Each structure stands twice: as C-alpha cells, then as structure tokens.
Number of protein chains: 2
Amino acid sequence: MSTARERILAATEELLASKDALAISTRAICDRAKVGMPEIYRQFGDKQGLLTAVACIGFERFLANKRRNPMTDDPVADLRTAWDSHVAFALDNPHLYRLMFTPAPESQPRAVGEARALLLSALERCRAAGRLRTPLELAGQSILTANVGVCLMALSFPELYGAPEISRSVRDAVIGAVTGDEREDTRITDGIVLAQALVGTLTGTAPAGGDAIARLSQALQGSGPRGDE
Amino acid sequence: MSTARERILAATEELLASKDALAISTRAICDRAKVGMPEIYRQFGDKQGLLTAVACIGFERFLANKRRNPMTDDPVADLRTAWDSHVAFALDNPHLYRLMFTPAPESQPRAVGEARALLLSALERCRAAGRLRTPLELAGQSILTANVGVCLMALSFPELYGAPEISRSVRDAVIGAVTGDEREDTRITDGIVLAQALVGTLTGTAPAGGDAIARLSQALQGSGPRGDE
DNA sequence: TCGAAGGCGTTAGCAACGCTTTCTTAGCTG
DNA sequence: CAGCTAAGAAAGCGTTGCTAACGCCTTCGA
C-alpha cells in the first residue's frame, strides 16, 4: 500500500473527476483513502491546502501536456495547437480545471507563471520569425487570458458553448491580431507585401520583379479596407 | 419598513459587495435583514434560490446598463463601447458578476439569452452597414464568450491582469476579426486604400491625385506585413 | 364584527460540514 | 532497547444549510 499522503491525493483526484471541489467532503476523501480525518490536516494543514496540492498536480499534468506539443517550423501554427490542447484539457477535466483557474484567495502564481513562460517562449519564436506585431508581454497576456476565458466560459455554459467553432473563432482572432497573421484573409497582408515591392520598384530603391503592378492589381482585386461583403 | 423579501434581497446584495456568495452564511443574511431563519426558505425555498434571485436582479442592472449604451452611427464602435461597459460592470461588482456567470448546476439562460439578443441586434446593425464578415450567430458567441472570459479571468487573477490594456487587446482582436475592422493597425487598411488608388492611377482606370505614389510610400513606411518591430 | 387566511417572527433542533484534541499503535533509527 | 516519527481510532467542537412547531398580527370577505 502506498503512503497516506498519496492515497489522499489520489482519492481527491478521483472524486474530482465526478464532483466539484466544493461538493467534496473531507470525510468522503478520508473514507476513500482509508485514513482518519486528522491525516488530511497533518499532511496539508487545511482542506484548501489539499485542494491546492491537487491543483499543483493538475498543473504538472497540464504543463507536461503543453510541453509535449511538437515544435514545427511554423511557430504561429504551434500557437494554435497549444490553444487547442489547452481547451481539450479543460473540457476533459472540468472540475480540476476550475480548481486550477479559479483560486479562492490566491494560490499558484508559480504554475500559472510557468504556463505563461511556455507561452512567451513560443511567442519569442514567432518574434524571431518576424511574425509578431505586438509587444511580447501584451501578446502573451492576451492569448492566455482569452484562452482561459474561453475555457471557463465553456465550462460554465456548456449548452451555450457551440462546440469547437467558437473556440477556433476566438483563437484565430486573438492569435491573428497578435501575430499579424490573418487566417482567413491573407489577401490584406499579401497586398501590403506587393505594395511595398511596387513602391520599391517605382522609387528605384528595391529590387522587384517587373510584373509587380500586375500582381498588385490582381492581389487587391475585391479586397476593400472595409469590405461590404 | 419594507417587506421581508426585499430586506433579505438587499442584505444579500450588500454582503455580496464585500464577500463571495459562498462565504455568506444564511444567518448573517438573516441578522442583517432582521428576519428569522425560516423566512429565507419561505421566500426562496433554498439558499441557491435566494442567490439565483439576487443574480436575476444583478442581470437586470447589467442589462439596464447595456441598454443605456448610446447608439452612435458607428455600430462597430458601439460594440467596443458595450464590451468596455461589460468589463467595467464586472470589475465594479466582482462577486455579483461571478455569481451571475458561474452558475452551479444551471440557472439563468433567460438573462444570458437577453444579453445575447442585445449583442446580436448590435451585430445586426453592423451587418446592415456592411461591416460584418462572419456569420451573425458565431460572431455573437465569439464576442460574448471572449468578453465574459476576459472578465472571469480578470477577477480570478487580478495581479496578472494588466489593467485595461489586455481587455482592449482581446476586444479589438475579436471585434476586429469579426467585423473586419483593423483597429490599431489602420495603417494597413490605409495602405490598401492608397494602393488601390495608385493602381487606379497607373492603369488609368480610376481618378486619383497625382501625389498617390508619395502618399502610398509614406503610408507604407514602417508598416511591414510581418513587422519585426 | 367576527373569523379564516396568510405574512411574518421566534425558538429549537437536525444532519452535515471543516477542523481539532487526545490517545494509541506501528515502524524505523541510533 | 530507547526514542523518534508516521499514521490509525474515537470523540467532540463550532458552524453551516435547513426544518418543525408554534404564535402573533394584519387583512379581508361575510
């Protein structure tokens, strides 16, 4: 048999799979872990302490998950993949996720900080690839906030949450705005690229193909600044 | 003296100004409302029933707030204003907001539905103005989810929440993506405008000022499609 | 004017909760 | 073997949400 502490943690995690943290009684935990009531308080001082420890373990699983995300040669696509795996984790472990991201007074700035660090390093890769048009810090906060926000919302209103569509929509909006990658509307940035090349040609300050005008004209076709559908 | 029901509701709202709903005991409510314990259960059946009633009142204030938002002739700007007033309400009434948007089993799809309806009508105005490039339904869900999500996140991690910057960032990203309005980077759309005029000039198919090239060159200055800041 | 009805206050108490105290036992270490 | 710490057993504390039983007093129709 394992140690008492491990049994308590395991029992709590198991109960957390079906009930909210607040609906779990310390007695139920003790029954399932086959320990006496005082054991919880000897080990964790507090019910909140126990929940914090469980949240910590959850964060470790969460971060391990995130670290497993492959690094492709498209850092922006990696951002989107990370977003999706985050959402999947939340939907798979609703009560645990709520426990992790809805602290009572204050609990784990450490683990959240680590998640932030992971995100920032992913963003740094975007920056290195010249695909970030927002201050790194703000970009990270925006993505993290939106990501957690979408998850909490999905857990609170599952019937209002329309499957992954809405997560994808917010994801592409935020990541797109931060990186400058327009997902569904790359024509705009293409337009800029071509316009820059064109100006370079016309002013004689940059090398550009002679067909710049034709390509620009074609690229701009139908892409107004405020498209009227 | 007012009726018992009103006093109970008022007392709960007052306590909710300083404590979380779960930290409020029914006895404290009764003390403050000068009623006996059974009164709560005669009136609301349940503590949850009382909290639901309070949440209802909160939604009414919330919706009244939203309805007070002026309708300017720029429906997209109105969307942004509504977003900001939503966030302000959440920050002003943290515990009430949490109560409203973190239901236990399920509570007010009615009030949330009304908020959604308000949002959809605002989006309909955008659509009428030709400033919506996303299905109405999905646009509404995306904005509402992101908005509530940012608020819940801000309440859970106030120290991590960097003032209104991040709300603005997510707001402009989501609303921008949904409407096609680029907020902070209007240079891009300006670039498109000028580029179109330029192409018109060069191909002789549109009237444009002779300084088009100069203006385009200036407008594009420093605005790369993948700016390396 | 009377009497039924219902809104409201009072007292007392239940079961469940988080948490504590006390005592005892088991197992390892020096 | 002595001494330490980890951990199981039992009992109980105070608070919580909630209920039962009773009685007052206003309202209102007959």
Side-chain angles (χ1 to χ4, degrees), chain A residues 1-58 95-96 98-100 102-108, chain B residues 1-58 95-96 98-100 102-108:
Chain A
M1 177 104 58
S2 45
T3 147
R5 184 185 180 92
E6 291 168 347
R7 267 176 293 149
I8 294 175
L9 286 172
T12 309
E13 287 187 78
E14 288 162 21
L15 291 173
L16 211 52
S18 60
K19 291 164 132 184
D20 187 78
L22 283 167
I24 298 178
S25 77
T26 57
R27 286 171 165 90
I29 296 174
C30 292
D31 281 359
R32 178 175 267 262
K34 307 276 188 222
V35 299
M37 290 241 47
E39 206 52 38
I40 289 185
Y41 302 92
R42 279 196 275 254
Q43 298 285 344
F44 305 96
D46 210 310
K47 185 189 186 183
Q48 184 54 48
L50 166 58
L51 293 180
T52 298
V54 172
C56 252
I57 296 179
H95 302 112
L96 176 59
R98 258 223 172 87
L99 177 62
M100 288 162 55
T102 314
E106 94 163 51
S107 54
Q108 329 307 94
Chain B
M1 179 104 61
S2 47
T3 147
R5 184 185 180 92
E6 293 168 345
R7 267 177 294 148
I8 293 176
L9 287 171
T12 309
E13 289 186 77
E14 289 162 19
L15 291 173
L16 211 51
S18 61
K19 291 164 132 184
D20 186 78
L22 284 168
I24 298 178
S25 76
T26 57
R27 284 181 232 270
I29 296 174
C30 292
D31 282 359
R32 179 174 266 263
K34 308 277 188 219
V35 299
M37 288 241 48
E39 206 52 39
I40 289 184
Y41 303 92
R42 277 195 276 254
Q43 298 286 346
F44 305 96
D46 209 306
K47 185 189 186 183
Q48 184 54 48
L50 166 58
L51 292 179
T52 298
V54 172
C56 251
I57 297 180
H95 302 111
L96 176 59
R98 259 223 173 86
L99 177 63
M100 289 162 55
T102 313
E106 93 164 53
S107 55
Q108 329 307 93

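Basis for what follows: all heavy atoms, side chains included, without hydrogens, waters or symmetry-related copies. Everything numeric in this text was worked out from a predicted model, so none of it was measured. All chains are named by letter (A, B, ...) in the order of the sequence lines, taking the proteins before the strands, and each is independently numbered beginning at 1.
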Which is it for F44(A) and V54(A) under the side-chain contact (heavy atoms from CB on, under 4.5 Å) test, yes or no, and what are the steps along the way? CA-CA 11 Å; F44(A) 305 96; V54(A) 172; over 6 Å; no
All pairs passing salt bridge (Lys or Arg N to Asp or Glu O under 4.0 Å) where residues 37-53 of chain A contributes a residue, at least two apart: E39(A)-R42(A)
Does dA6(D) have OP1 or OP2 under 4.0 Å away from a side-chain N or O of T3(A)? no
Applying salt bridge (charged side-chain N to carboxylate O under 4.0 Å, His left out), name anything that partners E13(B), two or more places apart in sequence or on another chain. none
Applying salt bridge (charged side-chain N to carboxylate O under 4.0 Å, His left out), can you list everything that pairs with R32(B), at least two apart in sequence or on another chain? E14(B)
Closest non-hydrogen atom pair between [X] and [Y], with its separation:
X      : Y      : value
K34(A) : R7(A)  : O-NH1, 3.4 Å
I40(B) : C30(B) : CD1-SG, 3.6 Å
R5(A)  : Q43(A) : NH1-O, 3.3 Å

Spell out protein contact along nucleotides 8-21 of chain D as letters: B when the base is contacted, S when just the sugar-phosphate is, - when no protein heavy atom is under 4.0 Å; keep the 5' to 3' order. BBB-B---BBBBB-
Outermost nucleotides of DNA chain C that come under 4.0 Å of a non-hydrogen atom of chain A: dC17(C) to dT21(C)
Under 3.5 Å donor-acceptor pairs involving side-chain atoms of residues 16-26 of chain B, not counting sequence neighbours:
from	atom 1	to	atom 2	distance (Å)
S18(B)	OG	L15(B)	O	3.4
D20(B)	OD2	L22(B)	N	3.0
S25(B)	OG	A28(B)	N	3.0

